[in-house]
Protein chains: 2
Amino acid sequence: MSDLHMVVPAGGSGTRLWPLSRAANPKFLHALTGTDRSLLQATFDRLAPLCTAQNLLVVTGVAHATSVARQLPELPERNILVEPFARDSCAAIALAAAVIEQRAPGGVMASFAADHLIADTAAFSDVVRDAIAGARDGKLMTIGITPTRPETGYGYLQLSAPSVAGQRQRVLEFKEKPTHQVATEYVASGEYLWNASMFLWRTEVFLAELAARRPDVHDPVREIARAWDTDAQEAVLGELWPTIPKVAVEYAVMEPAAAEGKVATVPGDFGWNDIGDFETLGELLGRDIDGGARVVDVQGDRPPVVVIDGDGVIAVPCSSRVIATLGVRDLIVVDTADAVLVCRRDRAQDIKKLTELLREKGHAAHV
Amino acid sequence: MSDLHMVVPAGGSGTRLWPLSRAANPKFLHALTGTDRSLLQATFDRLAPLCTAQNLLVVTGVAHATSVARQLPELPERNILVEPFARDSCAAIALAAAVIEQRAPGGVMASFAADHLIADTAAFSDVVRDAIAGARDGKLMTIGITPTRPETGYGYLQLSAPSVAGQRQRVLEFKEKPTHQVATEYVASGEYLWNASMFLWRTEVFLAELAARRPDVHDPVREIARAWDTDAQEAVLGELWPTIPKVAVEYAVMEPAAAEGKVATVPGDFGWNDIGDFETLGELLGRDIDGGARVVDVQGDRPPVVVIDGDGVIAVPCSSRVIATLGVRDLIVVDTADAVLVCRRDRAQDIKKLTELLREKGHAAHV
């Protein structure tokens, strides 16, 4: 499948994992995989066999371009597309699609986030192949994740009938993050999948949809792509990139296309996890210690954690300091080189507010 | 009063203030006074006017001798008595008494801890003068603190009648730390004072009491004192110090002497505080911040503390790291260069257990 291209948008700072994940050192650069490979590297390892490194592109920001280059030495330099600043997912994915179409017209592309975990790589590859077949048929494909709980932190894909493993189905609608009650109904119905932002399509199909719906994204991106790999690249990028509106690809393209019957999905059930918060991190990568705590070793060594009369403590030591807790319950404690977080577990979704407050108070360097 | 000598035993690691106070950097070396003077320096400032630096002795351990020397440049070097290792308060105070008696026989000595705060220095000096008068009369004097609450963390002095400000009274008994109910009865009766380990006596009176009751402490200490200030000091100290039993001066001398009517007290009411735990530290030196927390600035600068939906949080930043809390209540959070403590406020008396557990687990360097 030499006309198959893989795209990995590597952006976002993983704010709900602050202070572990930082604007300057985001989640995808961390080894949260249980091995010493970062999430980005694990993503590369998973995708490279499907398309070779020559056909794999990473779209990232100026702040992380060098880290991406060093973490993925096998990746050709020209395959690291560097955005001058973030313009949300539609611009990033459109840039990749346009550059691919410019370099190798008529291909198929598949886009996967840089910071997700997948347990069963073989099952993942099978589903990707099924979805690629749909893309070749001209559909805008997505891989939806078979939900295992009424999660309120994800968006959902609504199908026309209960999902069946391995079977391509039409997506009726993209649904925003639901309430717990609505999520429970979704899961019970069997007609909803988690949206994991995995997209597959023929580049010309996607670009045509984008041109029709969002020329304000499409036109500058195509012009930038024409200048890519030439001496004019930097000048054109610098001139046009700032004009591109910030919009998510779901909102700009997938939702309206779904309403017209152009979007389909293959359900995936391969142990997907976005490691979106400390709860998930503790669940996936924690080890229980005496005293009532679960410790996540995100570094190679095991910094000392000492807990007395704890209950439901999640400790994430990211420095060599001691973490000691006494008599506390249902708390997340994260210690890093320049910040300490103490957060009630049921408030973990609000960690973003802390980072906003830090910025407000002039401590942006700690965010 | 050139025959008056002041003694400051500077030992103990202030375990209930871990990780702020450390074995290697104990409470008395810290500036917890609201100024940039350490508790030891503040003690010196308070005592020096009563007796001059020539008559002021500090008894400390090998680990802190150099810090004491640098923090108190006015103190003559020969007035820093260095114990090879800690042998509890009886040995430390007896060594000071014996060295004073050797250097200047027939004097009066007064002993005060290195790590207590006193708000009203003038009132303190007045009470000390009253107590010295009692010492000259041959009594073993102590200054008891008029209790302001039914504190269970202190020992008490039992009087024969309700205490009267400025009036010398006999001490019937030294009482161990009481239960809350007993402490409440003590305070209500007016016949009990807090034991702040402030002692005043003629050195020969104390040494005679010690000789009669504890020759196992008295005899080696007198022999060491005879060798002090001579070439034989180190050899004799090294030979005899290890033989001295570890015992508190209250238990060895004051309690039995009180039973024989030889102990008296002058009640003190001068804003005394031993800053024994983080509760007290927060109360005395904290400042309230938005979000529901009280921050103790133990360093000159103000490290960033950011709190959302907190309630009763005491934050003690001792590094330049950010401390951020979200949704937590009634917690103590202490951040230092090599350890982070998260402790429920009503468990603060048990912090010692954490330090013991750390030692057990091989992390003594963090204690």
Side-chain angles (χ1 to χ4, degrees), chain A residues 16 18-19 278 289-291 293 302-311 313 315 317 319-367, chain B residues 16 18-19 278 289-291 293 302-311 313 315 317 319-367:
Chain A
R16 284 181 301 162
W18 182 89
F278 289 111
I289 64 162
D290 289 345
R302 292 186 167 192
V305 177
V306 172
V307 172
I308 291 180
D309 296 340
D311 184 2
V313 175
S319 80
S320 58
R321 265 187 297 283
V322 161
I323 294 179
T325 80
L326 175 56
V328 301
R329 59 160 54 217
D330 296 329
L331 276 192
I332 296 160
V333 181
V334 185
D335 176 53
T336 69
D338 70 344
V340 180
L341 169 71
V342 181
C343 178
R344 224 171 69 189
R345 281 176 69 170
D346 60 6
R347 295 296 303 275
Q349 302 303 315
D350 294 329
I351 290 172
K352 194 174 195 297
K353 289 185 190 167
L354 277 177
T355 64
E356 288 162 358
L357 192 55
L358 278 166
R359 283 187 199 279
E360 259 174 48
K361 289 180 176 284
H363 307 302
H366 293 274
V367 176
Chain B
R16 285 181 300 162
W18 182 88
F278 288 111
I289 65 163
D290 289 345
R302 292 186 167 193
V305 178
V306 172
V307 172
I308 291 181
D309 297 340
D311 184 2
V313 175
S319 79
S320 58
R321 265 187 297 283
V322 162
I323 295 179
T325 80
L326 176 56
V328 301
R329 60 159 55 216
D330 297 329
L331 277 192
I332 297 161
V333 181
V334 185
D335 176 53
T336 70
D338 70 344
V340 180
L341 169 72
V342 181
C343 178
R344 224 172 68 189
R345 280 176 68 169
D346 59 6
R347 296 296 303 275
Q349 302 302 318
D350 294 330
I351 289 171
K352 192 172 195 295
K353 289 184 189 167
L354 278 177
T355 64
E356 288 162 357
L357 193 55
L358 278 167
R359 284 187 199 278
E360 259 173 46
K361 288 179 177 285
H363 306 302
H366 293 274
V367 177

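In this text, all values refer to a predicted model and were calculated from it rather than measured experimentally. Protein chains get the first letters and strands the later ones, always in sequence-line order, with residue 1 at the start of each.
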Taking A/R344 for the side chain and B/T325 for the main chain, is one N or O donor matched with an acceptor at less than 3.5 Å?
-> no

When every non-hydrogen atom of A/H366 is compared with those of B/P304, the smallest separation belongs to NE2-CG, 4.4 Å

Pick from B/V307, B/V313, B/D309 with the largest number of heavy-atom pairs that fall under 4.5 Å of chain A | B/D309

Among B/L341, B/L354, B/D350, which has the most heavy-atom pairs under 4.5 Å with chain A?
-> B/L354

Using the salt bridge (charged side-chain N to carboxylate O under 4.0 Å, His left out) rule, collect all pairs that involve residues 354-364 of chain A, keeping only residues at least two apart or in two chains.
-> A/K352-A/E356

Side chains of A/I351 and B/L326: does their closest heavy-atom pair fall under 4.5 Å?
-> yes

Which answer fits A/S319, side chain, backbone, both or neither, if we ask what part of it has an atom under 4.5 Å from a heavy atom of chain B?
-> neither

Using non-hydrogen atoms only, which part of A/V333 is less than 4.5 Å away from chain B: side chain, backbone, both, or neither?
-> side chain

Under 6.0 Å from the CG atom of B/D311, do we count more than 12 heavy atoms belonging to anything else shown?
-> yes

Among A/G310, A/P317, A/G327, single out the residue with the greatest number of heavy-atom pairs under 4.5 Å to chain B.
-> A/G327

Heavy-atom pairs under 4.5 Å with chain B are the metric here; pick the option from A/V340, A/L358, A/I308 that has the most.
-> A/V340

Side chain from CB out, backbone as N, CA, C, O: work out which of these in B/I332 comes under 4.5 Å of a heavy atom of chain A, or both, or neither.
-> neither

Rounded to the nearest 0.5 Å, what separation is found between the CZ atom of A/F278 and the CG atom of A/L331?
-> 13.0 Å

